[in-house]
There are 2 protein chains.
Amino acid sequence: MSEQVEFRHLKYIVAVAEAGNFTRAAERLFLSQPSLSKQIKDIETEIGVQLFERHRDGVYPTPIGQMVVDYAVATLYGRTHVFKLAKEIFSGTIPPLRVGFSCFVNSRHLQTFRSLYAKHFPLCSVQLSGGDTVHILQRMERGDLDCAVLCLPIAGPKWVVEHIASTPLVACMRTDDPLSERTEVGLQELVPRLTVFRDPDGHPAAHARLLEMLAAANSSVHVSCTAATPHDIQLLVRDGYGIALVNEDMPLESDMAIRHLYGVQWTADTAFVYSSDSGHPALPHIQRHFYKRNTETVRKQPQADRPQLSLKFDITA
Amino acid sequence: MSEQVEFRHLKYIVAVAEAGNFTRAAERLFLSQPSLSKQIKDIETEIGVQLFERHRDGVYPTPIGQMVVDYAVATLYGRTHVFKLAKEIFSGTIPPLRVGFSCFVNSRHLQTFRSLYAKHFPLCSVQLSGGDTVHILQRMERGDLDCAVLCLPIAGPKWVVEHIASTPLVACMRTDDPLSERTEVGLQELVPRLTVFRDPDGHPAAHARLLEMLAAANSSVHVSCTAATPHDIQLLVRDGYGIALVNEDMPLESDMAIRHLYGVQWTADTAFVYSSDSGHPALPHIQRHFYKRNTETVRKQPQADRPQLSLKFDITA
DNA sequence: ATAGTCCAATACTTCCTGTCTATGGCAAAT
DNA sequence: ATTTGCCATAGACAGGAAGTATTGGACTAT
């Protein structure tokens, strides 16, 4: 039924809608008016729907016609951009992708991203640079970075956020800590000693969300030590300043142990982020791949009986 | 550059990728093999990118080719569905849209939805039915409803959720309540008298989220009265059972007053929801319109200094 | 009234191009 | 060495998109 509709027709439909007049639309298309009229009419009879109302004072899309016009604009845009991107990738004229990352993101996610990119864009190089989340976001806003792998939550409509992974939050303590003899530790016995945190300034939204999750569990903590890197956090824990909540997959240094939490199921989340008005042509394609990977694997929702809280969402959004 | 690429080519590209072989792809397309070969080759030279690697044991898409194949599949799918939808709307063969709604959703959102639908699909009718959120979701899952206008949070990957509106949460009390003399009420003086709530069974996730927001403000409440409708909530408040948290735009009955909260900025959110595997062809188009309306108006993020918490997200997701 | 203007639709011709058949080339299998 | 399977090339042909010329309808100005 729609098999006969070609890109040519979409171009004609858009032109007529914009010009509001067959004659001027034909001029703009460097086409004769009869040819344009016929093509539009052919399509209308082909799909069995009137797309335009011809009045003496102009040609207006019908409501359905307007829907088709919207579709046509999007589709024409998609075509030019896919093939533009393909050519840029093929010729290597695509600029190097500048990727930021938070040091709290496990390096395997960076490797996943990197191999995904290398697989799809073998001629294209990647420039990595680490930093705290706020700084990375600032640099993306300035246009100094194209995208980033960061810890959620990331707020606001200006970012495109594609979830990559969830990791349980666990307690990080010394191996000689009495609590390390348990296989799991309860929140109530943990909270009084929970004093080591990620630097709130590095990612205020994540800090606020963590405090909110603690509040939801009727726990209030005393934030006495903060650190800007996983290494520093373990330094503080090793030196006896307290216990920290860390990602289960954080690279563990010597004399450090992690224990799961009992009674709650808290997770931290990693995401691929880029500016919604970013110009780099590879980003939507990469995002689409992460999206596919998500929709294929997310099926198995565990639905545990323990309260599942996640750092995923920014509660101030 | 990509101007020469037609839907025909996209079909050919997909067929070759699926058949892994020019000859068999041509058979499947009821086309001669040379014609197919030539068309693919023409496109490759036209856009300047090799899409397929011809090996002795088969034809494989290059990485860029795979990207184009993905694009082609999506674009072909889009074309058939847009015109199928257009025809169904035009001929009135589109079935009536069965819309569910929660009674806590302000009726103006239903009217917005209704006028949007009527504007785009004038020949198509709407069947409205109200109920509590859980019930509406169940009916959508069973296929008895096509879509719904509900209060967030709505969890899970099986729902497509498009945000419609945010409304401040306010305290609902009797007009003769001492607190009603203030222009704003503080959470600390409010919480001890906050005893009237929406029925938790009607929307467990929203109830849990509200309790979490209260916990985040170091407040724990005693849920002594619950009601299933805004009317019943006001009934309980009028009869002196306590104060309720309600949407600012809830239709107010006589002797009832609402007061904003001081120190926090809490909001409840309304969304357009439908099943991600729903077959009704109008839904993606409606969603697209809400999405457009959002992206056009959301620019002005207030960024107040008060803590902004929202019922928007399901924290157990 | 009537001529003039504007615009879409129709009739017919031209020419481009997508498809076909036939064939060549190449590598692996027998 | 021959056969087989597959893709590329060459030349002929037909379908249809676009062009030119024209008609027809509706409004306007004199």
Side-chain angles (χ1 to χ4, degrees), chain A residues 1-62 65 68-69 72 76 79 83, chain B residues 1-62 65-66 68-69 72 75-76 79 83:
Chain A
M1 176 169 66
S2 64
E3 309 292 295
Q4 308 295 336
V5 180
E6 290 292 350
F7 281 106
R8 184 184 57 244
H9 298 116
L10 302 185
K11 242 165 48 186
Y12 297 169
I13 287 169
V14 172
V16 169
E18 283 179 353
N21 175 314
F22 277 63
T23 308
R24 272 189 291 283
E27 280 170 16
R28 187 189 301 191
L29 291 164
F30 302 103
L31 197 70
S32 70
Q33 170 263 313
S35 186
L36 179 59
S37 287
K38 185 175 189 315
Q39 293 292 321
I40 298 285
K41 194 191 175 86
D42 284 353
I43 289 304
E44 286 180 329
T45 56
E46 166 70 25
I47 64 174
V49 176
Q50 190 183 348
L51 298 177
F52 294 99
E53 281 176 6
R54 283 85 160 161
H55 291 200
R56 72 189 45 284
D57 59 335
V59 177
Y60 303 103
T62 62
V68 175
V69 169
L76 290 167
R79 178 178 66 161
F83 290 105
Chain B
M1 176 169 66
S2 64
E3 308 293 294
Q4 308 295 335
V5 180
E6 289 292 349
F7 281 107
R8 173 169 31 94
H9 298 116
L10 302 185
K11 242 166 46 187
Y12 297 168
I13 287 169
V14 173
V16 170
E18 283 179 352
N21 175 316
F22 277 61
T23 308
R24 273 189 291 282
E27 280 169 17
R28 186 187 303 188
L29 292 164
F30 303 104
L31 196 71
S32 71
Q33 170 265 313
S35 186
L36 179 59
S37 288
K38 185 175 187 314
Q39 293 292 322
I40 298 284
K41 193 189 173 89
D42 284 354
I43 289 304
E44 286 180 328
T45 56
E46 166 69 24
I47 65 174
V49 176
Q50 190 183 349
L51 297 177
F52 294 98
E53 282 176 7
R54 285 83 161 163
H55 290 240
R56 170 130 305 286
D57 58 337
V59 177
Y60 303 103
T62 61
Q66 185 59 55
V68 174
V69 169
T75 304
L76 289 168
R79 179 180 64 161
F83 290 104

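Here is how names work: the chains are called A, B, and so on, in the same order as the sequence lines, proteins then strands, and each is numbered from 1.
Taking a cutoff of 4.0 Å between a charged side-chain nitrogen and a carboxylate oxygen, A:Glu44 and A:Lys38 do not qualify as a salt bridge.
Looking at heavy-atom distances under 4.0 Å, B:Ser37 makes contact with sugar-phosphate atoms alone, never a base. Note on B:Arg54: only backbone sugar-phosphate atoms sit closer than 4.0 angstrom, heavy atoms only; bases stay farther off.
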Could you list the donor-acceptor pairs under 3.5 angstrom formed by side chains in residues 6-22 of chain B, with sequence neighbours left out?
{"residue": "B:Glu6", "atom": "OE1", "partner": "A:Phe7", "partner atom": "N", "Å": "3.1"}
{"residue": "B:Arg8", "atom": "NH1", "partner": "B:Gln39", "partner atom": "OE1", "Å": "3.0"}
{"residue": "B:His9", "atom": "ND1", "partner": "B:Glu6", "partner atom": "N", "Å": "2.9"}
{"residue": "B:His9", "atom": "NE2", "partner": "B:Gln39", "partner atom": "OE1", "Å": "2.8"}
{"residue": "B:Glu18", "atom": "OE1", "partner": "B:Arg28", "partner atom": "NH1", "Å": "3.0"}
{"residue": "B:Asn21", "atom": "OD1", "partner": "B:Thr23", "partner atom": "N", "Å": "2.7"}
{"residue": "B:Asn21", "atom": "OD1", "partner": "B:Arg24", "partner atom": "N", "Å": "3.0"}

Hey, can you pull the donor-acceptor pairs under 3.5 Å for the side chains in residues 45-52 of chain B, sequence neighbours left out?
{"residue": "B:Thr45", "atom": "OG1", "partner": "B:Lys41", "partner atom": "O", "Å": "3.3"}
{"residue": "B:Thr45", "atom": "OG1", "partner": "B:Asp42", "partner atom": "O", "Å": "2.8"}
{"residue": "B:Gln50", "atom": "NE2", "partner": "B:Phe52", "partner atom": "O", "Å": "2.8"}

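In this structure, the separation between OG1 on B:Thr75 and CZ on A:Arg79 is 10.5 Å, given to the nearest 0.5 Å.
For B:Ser37 and B:Gln33, the side-chain atoms include at least one donor-acceptor pair closer than 3.5 Å.
Only A:Asn21, A:Phe22, A:Thr23, A:Arg24, listed by number, bring a heavy atom of residues 12-31 of chain A to less than 4.0 angstrom from any atom of DNA chain C.
For A:Lys41, the side-chain atoms get nearest to C:dT10 when compared with the rest of D:dA8, C:dT10, C:dA8. Nearest to the side-chain atoms of B:Lys38 among the listed nucleotides C:dA8, C:dT19, D:dC7 stands C:dT19.
The nearest whole Å value for the distance from the CD atom in B:Gln4 to the C1' atom in C:dG18 is 13 Å. In this entry the distance linking OH of B:Tyr60 with P of D:dC6 reads 12 Å, nearest Å.
Between the base of D:dA17 and the side chain of A:Gln39 there is no donor-acceptor pair shorter than 3.5 Å.
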